[in-house]
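Here is how names work: the chains are called A, B, and so on, in the same order as the sequence lines, proteins then strands, and each is numbered from 1.
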Number of protein chains: 2
Amino acid sequence: MNPNENERNYTPSKYRTPDGAPSDIAIFTITTTEKLTVKKALPTRELRVMLVQRKAWPFAGQWALPGGFCHESESMHECARRELQEETGVADVHMEYFNVYSNPGRDPRGWIISHAFLALVQEKRLASRRAADDAAAVQLLPVEEALRMDLAFDHKEILSDALNKIREKMVTTTIAKEFLPEEFTISELYQVIQTVVPDFEEKNFIRKITSTQSRKGIIEEVRDLNGEPKLSNRYSQRAAQLYRFTDHKPQLSIYS
Amino acid sequence: MNPNENERNYTPSKYRTPDGAPSDIAIFTITTTEKLTVKKALPTRELRVMLVQRKAWPFAGQWALPGGFCHESESMHECARRELQEETGVADVHMEYFNVYSNPGRDPRGWIISHAFLALVQEKRLASRRAADDAAAVQLLPVEEALRMDLAFDHKEILSDALNKIREKMVTTTIAKEFLPEEFTISELYQVIQTVVPDFEEKNFIRKITSTQSRKGIIEEVRDLNGEPKLSNRYSQRAAQLYRFTDHKPQLSIYS
DNA sequence: TCAATAGTGTCTTTTAGACAGTATTAT
DNA sequence: ATAATACTGTCTAAAAGACACTATTGA
């Protein structure tokens, strides 16, 4: 049997096909605000998400997650990378796919199947680009505030799902590192986790993360050229030990 | 501003659109074979996946994951449910979406974006349907064997990803219950986990799952009408305590 | 009585959890 | 000196891990 014969028989336009396959991206960042105390103090941190204001029909004027249509020549992931680059100017950041949104009628333009990604970006990497943009059409909003708004399409559902996803991953993986500098203190790590997962609370956090055998290995002390422990007094009078993440990925299990 | 005015201006067919958005489903089951020993013994279990043989171009004659094109009137999840029903005759089983496959050129028919699901089905629920089907065109293959085959499209990659996904979920969630009867023994549970995750090994498994406080609650002892412990001697001379899963979902964390 | 699975006793080591106490240092 | 953050000491309770041991029962 000659496959070309079959190929000639194949009629691709026999069926109704989708009108588009966009990607939408929940771009999260943590903003850091210094406290107005006399002495050094831990900063206030806030989880924010990037929204853009729609210019055209449908949902003109309403706020939406950034995103755009996929081209034939690219994969969904490449599409999302491109949109992220166009929107924020950043390229090499953590981005992951998490769900598809395809309910009939979700987009008045037709049959449009949206692929949702989430990205984690450091605040300082967004700063440069945001000034260049049309400031009024892009904003970085606290997530609770964004979730109270009337977002375009089903973007409230997408954002809510994205938030649940990063909350889960924040405590089960080492993605906290995406919001931290290369070297950080235990307090910073603890703060970042609490900013994303408000009800996260671990007594003796420093103990667990530094001395428990099963966790041992996800972070390590930073030492200077002389092998002396490297410290930071960014947030405290007393200098704190700096740590960095290792490549170790702990394996979680409900049966161990 | 009148939205209808904008709607009239909107031209949906200005851009190239996808040629189709199918779902593909990795349908897993565990087959159970009694051992040919004189005395009672634990059965041999094997993880298998359902494959169908393609009839038409492209990849005619080759084996592929079951699936099919999404209709405009349904969501991706509804599409996958429908395909699962058509292929196996089962409806109310565990099924979840796990990834999108959209590399350009992955399908010679054109720009086709595939949405991959995985389903877990009990062997006995597949039995009835498989006899009715054209037996030669559907098979239930051990996963390692399927992964050694030259599958159609990028289905080897999809199957491999699906396998990784259920291995991860097998130890981090309670999906083991999808492969077990309502009431089961600790040995059965242990066997099911090991069948999916070959290098799973827990010493003192019974201890951890029944007496550890943090895990306590994911399963519970079954008792009969008189409140007596309900036992089973299906696989052993000495009767074993039966358990059932509760609704409790343990929260995992690398920081606790 | 033996083979096969089910489950327990007991010991040691590790971890969790609480919480009071000490350490550091810019202001 | 004080306020703010960074740790450590020490105790108790809980859990993990090893492994030899007992229990049950159909063939």
J.: Figure out the CG/P separation between B/L242 and C/dA6, and round it to whole Å.
T.: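 So the CG-P distance, B/L242 to C/dA6, works out to 11 Å.
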J.: Can you give me the closest heavy-atom contact between A/E182 and A/R244, atom names plus distance?
T.: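 So the two residues come closest at O-CB, 3.5 Å.
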J.: Rounding to a whole Å, what distance do you find between B/N233:CG and C/dG7:P?
T.: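 Roughly 12 Å, once rounded to whole Å.
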J.: Please report the distance, rounded to the nearest Å, between CZ in B/F205 and P in C/dT5.
T.: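 It works out to 17 Å between those atoms.
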J.: Are the side chains of B/L65 and B/L51 in touch, meaning some heavy atoms are under 4.5 Å apart?
T.: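 The answer is yes, as the side chains (C-beta and beyond) meet within the 4.5 Å cut-off.
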J.: Does the structure place the NZ or CZ of B/K177 under 6.0 Å from the centre of the six-membered ring of B/F245, at an angle of no more than 45° from the ring's axis?
T.: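 Output yes; distance and angle both within limits.
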J.: Give a yes or no on whether a salt bridge exists between A/E144 and A/R148, defined as a side-chain N under 4.0 angstrom from a carboxylate O.
T.: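 Not counted as a salt bridge, because no side-chain N and carboxylate O are separated by less than 4.0 Å.
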J.: Between protein and nucleotides 2-15 of chain D, map the contacts as a letter string: B base, S sugar-phosphate only, - none, heavy atoms under 4.0 Å, written 5' to 3'.
T.: B-BBBS-BB----S
J.: Can you measure from CZ (A/R223) to CG (A/L242) and round to the nearest 0.5 angstrom?
T.: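 Nearest 0.5 Å value for the CZ-CG distance: 12.0 Å.
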J.: Any side-chain N or O of B/K203 under 4.0 Å from OP1/OP2 of D/dG17?
T.: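 Checking B/K203 against D/dG17: no side-chain N or O falls below 4.0 Å of OP1 or OP2.
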J.: Using atom CD of B/Q191 as one end and atom C1' of C/dT5 as the other, report the distance to the nearest whole Å.
T.: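 Roughly 11 Å, once rounded to whole Å.
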J.: In whole angstroms, how far is the C1' atom of C/dA18 from the CD atom of A/E201?
T.: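 Between C1' of C/dA18 and CD of A/E201: 12 Å.
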J.: Going by the salt bridge (charged side-chain N to carboxylate O under 4.0 Å, His left out) test, name the single residue among A/K169, A/K165, A/R81 that passes it with A/E96.
T.: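 Per the salt bridge (charged side-chain N to carboxylate O under 4.0 Å, His left out) rule, the option paired with A/E96 is A/K169, out of A/K169, A/K165, A/R81.
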